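Notes follow the structure.
Proteins come first, then strands; the chains are lettered A, B, ... in the order of their sequence lines, and each starts at number 1. Note that the structure is a prediction, hence the values are computed from the model and not measured.
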Amino acid sequence: MAFVGFGTKAGMVPLHIWKPKVYASAPDNTSSLMAAVMLKIAIYGIVRHLFDFNAIDSSPDYVWLGMGIIIIGSISALVGILYALVENDIKRALAFSSIENVGIIFIGLGLSVVFAAFHLPSLSVLSFIASMFHTLNHSIFKGLLFMTAGSVHYSTHTKNIEDLGGLIKKMPWTAMMFLIGSVAIIGLPSLNGFISEWLTLQSLLAVFQIPSNVLQVSLAFAILAFALTIGLAGATFVRLFGVTFLSKSRSVNAANAIEVPKFMLIGKAILASSCIILGILPFIGMNLIVSAFNLPYMPSSPFETISITNSDDSNFASLMMPGVLVILTSVFVGVFVFVRIIGGKTKTMKYGTWDCGFGNLSEKTQYTATSLAEPIRRIFGVFYKPHNDIDADFYTKKNLYLKKSINVISTTRNIFDEKLYGKTISGSLFVLNKIRKIQSGKVNAYILYIMVTLVALLLFVGFGTHE
Amino acid sequence: MSDFSIFEYGLGILQALLIIVLSPLIVGIMRKIKAKSQKRIGAGICQPYYDIIKLLRKDEIVSDQSSWIFRVTPWINFVTTASAAFFIPVFLIYSPFGVVGDVLLVVGLFALGKFFMMLAGLDVASSFGGLGSIREMMMSVLVEPALFMTIFVIALFYDGTNISTIVSSANDTSILIVPGILFALIAFFIIMMAETGKLPFDNPSTHLELTMIHESVVLEYSGKNLALMEWSHAIKQMILFALFVDIFFPWNFVEQISLVGISIGILVFITKVSVLASFTAFIETLVAKWRLFRVSDLIAMAISSSMIGVIFFFL
Amino acid sequence: MIQGLFLLSSILEKKSISIFDGLFYLDSLSAIMIITISLVGFISSLYSVNYMGRQYDKLIVDRQKLVRYYQGFNMFLFTMLLVPISNNLGIMWIAIEATTLVSVLLIMLYTKQGSIEASWKYLLIATVGLSLALFGIILFYYANSVYDNSFNSIHGMDWTNMVKNAPQFDPNLVKFAFIFILVGFGTKAGLAPMHTWLPDAHSEAPSPISALLSGVLLNCAFYGLLRFHIISSYSIGPEFSNMLLIILGIISLGIAAASIYFQKDVKRMLAFSSVEHMGIISVSMGFGVFLGIYGAILHMINHAVVKSLLFFSSGSISQKYQTKSIADTSGIIKTMPITGFMFLIGGLAIIGMPPFNIFMSEFLMLSSGFSSENFLASGLVILFLVIIFASFGKHLLHMVFGNPKYEMEKGDLGKLSILPMIILVSVIFIMGIYVPEPLQTLIEDASKIILVGGANS
Amino acid sequence: MSDLILPTQIDLLHVSAVILLIATFGIVVRRGFSDWLHAYRYQTIILAGVVTLIAFVTSIWELYIVSALTLGIKAIIIPKVLFYVTKKLDSPIKLEMNPYVSLRISVIASALLVAMSYFMALQLPISSDKTISVFLPVSFSLFFIGLFIIISRRKALNQIVGLLTIENGLFLFAVVVTHGFSLIIEIGLMADILVGVIISSILLFRMSHTFDSVDIKNLESLRDD
């Protein structure tokens, strides 16, 4: 038990070093506050959970506690990544992505509580490990990402990714580090993020062992949220990496950037290599967790397969990352030899990108960060409330097709911030006036009232009688 | 389950090689069928092989704006997709590499390839690459939930995400399809069309910027790199087809390992995949490309379909 | 021709009371319903002669529509009479659904934009609601069929049969079924928040039809609800359905209060007042003591009478003023003295001023509320009643007194329009002071039917 | 009754339930006026098939009549009437352009409603009979999806189709729970629906004459604000 606090602390150390710095530089208080508070709650939750790990019984309280954690986790994962996706400030985007990852951690934690409440100790331990492993991983790769973002800021003096671009040629090592961090954070195989997300997902898939239909189907929705989060995370980091490091530079600052000093790279290199090591040999990290929390789980050799068995001892799923690595390498060697034999030696020429014959391919033709986020912004429009201010200047007033210049200001609103400022004005007349608006004239709304009444009454009675 | 002989591992490698080698053939078959149903003659079914070999022998041109990401992407893409092929049963009821990874790993490997492909699209500083990447990005964001839900349904019904487990328990269930799986089938089919860039989602046979998704990402590639990109795309399609027939039509797997059994198994497999491929090709000739933002409607259909599948499981 | 059709309607009324065989069943509760329907039906057909005649003179309706109006009118009455006398709940449902279909035709008589809109909403909402009710009915039937070994398909749906078997029903099933019934028939009875069709339909229909809709149709639907209330009380005790009735009743009162306060249209105001009174009836019924139920039944009759009076007079008024806006209508008492006086009496009665009849029944309701210790509910009811009193009173005084906006000819709209109102006013006065002996016994019996249902279990 | 049902019959029941659900989704995902009517017709034909199946499984002969009636009135006459109406409508565009709830969200919402229906069916203490336990949730789903169609769409015709879907759900429910409760009432119901459809068609005509469209956005003038 003495290890408990230490283990938690150890997992959080890089965060403790880097977070305050980042948050100090982030102008937006609400988002950082949100992340910070949630991290604290997470730690609190972990500790509390640990003290009760054996004491959890199947009382509905614990089930609801677990479900509550999962719901909060799913929502914050989704919300966090959605805001990270449209954010143009690289550090704030990373901060939002922290919210997402804490959400994923919460999902695992909540699952652990739920499983424990239903007396499924092995599953409970599994999801707990998943959650803790993700905490550990997150602290590693998020530290890495924040450090590289700091390097970018250091050498280009800007955090706005709209002004960056092409940095991979100027700062190759930093770019490499950021790439590793990105691949890790979006949970792609062979790096550590994949393992913990795989574990979380597996524990989500195991929900069918819970003896309650309502919970099972609700947890299916958690899978939905989780999957969407993973997908959005992929898009977010493609956008962040692509716009920051690839293609042409979008500003003078970015064009004149130089690689950061070596000693700044060393710290990152350590973190990056631990991402890789934990990805290939996840058991090192898992053993750390098991011993730190004194869990009833048999740790074994670092090359062991992670294997999850069903209730009837058949193989539910298994994962052996060293094996994956072997396959990957051998395929690579194979195809390399094959291509050499068939194709022989060929020449590679460098030439400009295809410009449709117009010539003068400028950096303005490439996709901007905002336009990269546009389709997703549109699809989740309900959530972002996107707003475009289009200000066009015409050559003549008569012909509105020949535009001299167009100025588009595209904004999204953080509906959560807005919702925080509640509407405080109320009075009985105001309320009455609102009530009166029920008669909105829309027959659709009327039928909706009927449906809502019906469902509300059914719920009211349904829960009244069965519990 | 975990102890296989060297021989069986050899068979496993054979299965993977089959997928990798046969995949251009399936592409050829599909093109031929599409051509026929549009009253064209079309190229021979071996044309994709000739294409790949020809491309492999060509010199290539690389954009001067691009970085090593651009050059490394075809390799990563090919290696991840080809590695994924190792986990797919073809004529055996299992894959000996099933211990190494499950269906989630396959999804992850695809995602890794796709991640680099999107980066490569952004790397060349052309607006086409960006356009392709962004659309690919949107599509994968939307497909992800549908995919995971479908996996969830399949995992529920067939006890696990391990592909070998899934296939063997699919083989054990009755011929009458379980209602929940019926929904998973619909969802999986839609996802398959989306992932392989089939018609309502993407039109790979055009180079018009309004319509293309996948093609605009690989626009700048030539020579070896293009060959690898096209091939890995074919492999991905083959893997998805193979998974589809493995899970939903799991008949005639080889029970005893013998030369005759294996060859029959291979034949049956090729037939099943070809039938599926022809079916998809027919569907492709029947539908028009959808507006990009309507694509999400279809994917919503897949999601809800698999959600109902989940519900059916719990009843 | 008009006279002929009018006669036909009276014959229909008389005949329907005499229909009495196995499928039909009459007790004092249905008798009360029939009396109300006949009274209001008779008087509104009387009023129609004048009202529709005027419309015909002004070329608002043509001959064909007039014929259709009277046919529909009689059909409407017939279907409504079918409701209380049918013992088979399936047939009762069909009858109620038929009232919807017929009244839709009546509402869309004018084929104006407003009436098309209103009838569309009415058709849609009422049909949806009634489908819910049918769900509930089938559930009850199922519950019955499980416990009745001798059931055959016709009598399995009989109300008497169900009441007999009710104590054996599965309580959860009954609860679910009752919710469906409540929402379903509640929609038709104008309980909030399912009342939304009501203001539109009432304000767009011809005034005599509005009177029928408001005074009688709502009662019919509530009657359907009541029958199931009895079954459910027999089965699981009255507390459950009482609670739900009180909740919905109070919501209705609240929404009606809010809407009346801001109302600009006379007929819509009256319609919302109907929502309010259905709420009162529902709450009163929900208090579940004898006095409350007695009051509720009395209130059903009183409301029907008073609301018809109001719709008639407001019909005449809007014909005279050519508007339904409250703001544009003022000084009625100067331009049309008798109608104005009637309107004033109706208005005062509806907001519960003594010595009119509504006061009696509302008083009964409140006292039963306090005696059954539903303090919160009673408190809320009083609060909303005060709001309604103030706002309705404000509108009423503005309309009746004050000066007309522009000069207009003095005089009422002919004897045939006054006569029905006079009859109603006299009924109001009589009922306000003293309930006739036979009626009193009828109501007492009816209350016992409802109450005993609860006391048994 | 339940012991007479064979396992394959149960499978058949399940599969037919699935097909019915899919047919219902067909109404949700379509945009065109005639598409809905086709989808409705298919749904009703499947419904009739389901009723026949139930009749076969439970061997209650009344249900065959009911099924035939369904096929006759609901799958032939009502679509005929509505097709006639659609053809005669004034508005040239016969598509649902922008419903209140977009199609993809509708589909997901419908799936949620299906989930809800299954929960409701679980809560209800009637599942002694296999046919009931299979079709009860399906009928609930039909009912709620119908409600949802009415809520989410702007075109009056679609609302009629929604109403008819509700009615189909109700009908399935009645057949399943009561095994054809009474032929007289069944016929009364059918007549009611028929009259209802005719009245609503008249209303549709009037609407399209008066407003030049059947979009219910024209029907929002009666309100309180």
Under 4.5 Å from any heavy atom of chain A - which part of [X]:
X       : result
L147(B) : neither
F116(B) : side chain
K58(B)  : backbone
I20(B)  : neither

Pick from L179(A), V238(A), I230(A) with the largest number of heavy-atom pairs that fall under 4.5 Å of chain B: V238(A)
Could you have a look at S190(A), A235(A), G166(A) and say which one has the most heavy-atom pairs with chain B under 4.5 angstrom? A235(A)
Under 4.5 Å from a heavy atom of chain B, the part of F245(A) involved: neither
Checking I327(A) against chain B: side chain, backbone, both or neither under 4.5 Å from a heavy atom? both
Nearest heavy-atom contact between A130(A) and T200(A) is CB-N, 3.6 Å
Heavy atoms only: give me the nearest A146(B)-T150(B) pair and the separation to one decimal. O-OG1, 2.6 Å
All side-chain contact (heavy atoms from CB on, under 4.5 Å) counterparts of L105(B), not counting sequence neighbours: P189(A), F194(A), L319(A), V324(A), F87(B), D102(B), L109(B)
Going by atom types only, do S67(B) and D123(B) share a side-chain donor-acceptor pair under 3.5 Å? yes
Is there a side-chain contact between I81(A) and L85(A) in this structure, where contact means two heavy atoms from C-beta onward sitting under 4.5 Å apart? no
Pair K236(B) + E195(B), salt bridge at N-O below 4.0 Å: yes
Under 30°, 30 to 60°, or over 60°: which ring-plane class applies to F178(A) and F241(A), parallel, tilted or perpendicular? parallel
So which of I61(B), L228(B), L142(B), I166(B) has the biggest tally of heavy-atom pairs under 4.5 Å with chain A? I61(B)
